[in-house]
Amino acid sequence: MKYWLFKSEPDSWSWQQQKAKGSAGQQWDGVRNYQARNNMRAMEVGDLGFFYHSNQGLDVVGIVEVSALVHHDTTTDDPRWECVDIRAVKDVPNPVTLNDVKANPKLADMVLVNNSRLSVQPVSAAEWKEVCRMGGVEPAP
DNA sequence: GCCAACGTTGGC
DNA sequence: GCCAACGTTGGC
């Protein structure tokens, strides 16, 4: 089991929209960055991730689960770009803001803090546990 | 709206 | 293979 963080601007794809997709899930398309794509290639069905709102909100608002392995991103003809499907699992009752993360020494090494531009990020098990604790979520589904 | 950080592109 | 120019992202 691995952990991840998916970043999206609520203006283009929000947590509300993700939740509306329910268990059907949604392909995480539009990624045009090799690092982010490689992270998705490393994902397995059942891996968990945080859903983070960038630009507006700047907080972790939900938990998602990888529901389909990496496959071609249908929004482009370019064969280089691939994506996984994710489905919403549950809300984070107390959304964890970027400021909260920055203020917590245990999270000093989070990619969110150190490479904020990466849109699909790995999260360590310790970081996962800590952010779940801050958000008031059980670390396991 | 601004700007810093970062990734990509393309000429050499 | 290097590096300057450019475009994009995302926090502020």
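These figures come from a predicted structure and were not determined experimentally. Labels below follow one simple rule: chain letters A, B, ... track the order of the sequence lines, proteins then strands, and each chain is numbered from 1. Heavy-atom basis, side chains included; hydrogens, waters and symmetry copies ignored.
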* Would you please test A:Asp11 and A:Asn55 for side-chain contact (heavy atoms from CB on, under 4.5 Å) and show each step? => CA-CA 9 Å; A:Asp11 276 353; A:Asn55 270 317; over 6 Å; no

* Evaluate the side-chain contact (heavy atoms from CB on, under 4.5 Å) criterion for residues A:Trp4 and A:Trp128: first the C-alpha distance (whole Å), next the side-chain angles of each, then the deciding distance (0.1 Å), finally the verdict. => CA-CA 9 Å; A:Trp4 310 95; A:Trp128 180 265; over 6 Å; no

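Checked by atom type and distance alone, the side chain of A:Lys90 never pairs as donor or acceptor with a backbone atom of A:Gly62 at under 3.5 Å. Remark: the backbone N or O of A:Val61 is not paired with any side-chain donor or acceptor of A:Asp59 at under 3.5 angstrom. Formation of a donor-acceptor pair under 3.5 Å by the A:Lys7 side chain with backbone atoms of A:Gln121 is not found in this model.
Hydrophobic cluster membership differs between A:Val96 and A:Val111, with clusters built from Ile, Leu, Val, Met, Phe, Trp and Tyr side chains linked at under 4.5 angstrom.
Contacts of residues 98-123 of chain A with DNA chain C (heavy atom under 4.0 Å): A:Leu98, A:Lys102, A:Ser116, A:Arg117. Within residues 26-37 of chain A, no residue approaches DNA chain C, by heavy-atom distance under 4.0 Å.
Partner of A:Phe6 under the ring pair (Phe, Tyr, Trp, His ring centres under 6.0 Å) criterion, chosen from A:Trp28, A:Phe50, A:Phe51, A:Tyr52: A:Trp28. With A:Val101 as the partner, the side chain to side chain contact (heavy atoms under 4.5 Å, CB included) test is satisfied by one option alone out of A:Lys106, A:Met110, A:Glu127: A:Met110.
For A:Thr75, the side chain to side chain donor-acceptor pair (under 3.5 Å) partners at least two apart in sequence or on another chain are A:Arg32, A:Asp73. Every residue meeting the side chain to side chain contact (heavy atoms under 4.5 Å, CB included) condition with A:Glu82, not counting sequence neighbours, appears here in chain and number order: A:Arg37, A:Arg41, A:Val70.
Contact of the A:Val84 side chain with the A:Gln27 side chain is not registered, since no non-hydrogen atoms from C-beta on lie closer than 4.5 Å.
Taking a heavy-atom distance under 4.0 Å as the criterion, the stretch of DNA chain B touched by chain A extends 5' to 3' from B:dA5 to B:dT8.
With the end axes of the helix from B:dG1-C:dC12 to B:dC12-C:dG1 each set by five pairs, the angle from one to the other reads 10° at 10° resolution.
Atom CD1 of A:Ile86 and atom CD of A:Gln26 lie 8.5 Å apart (nearest 0.5 Å).
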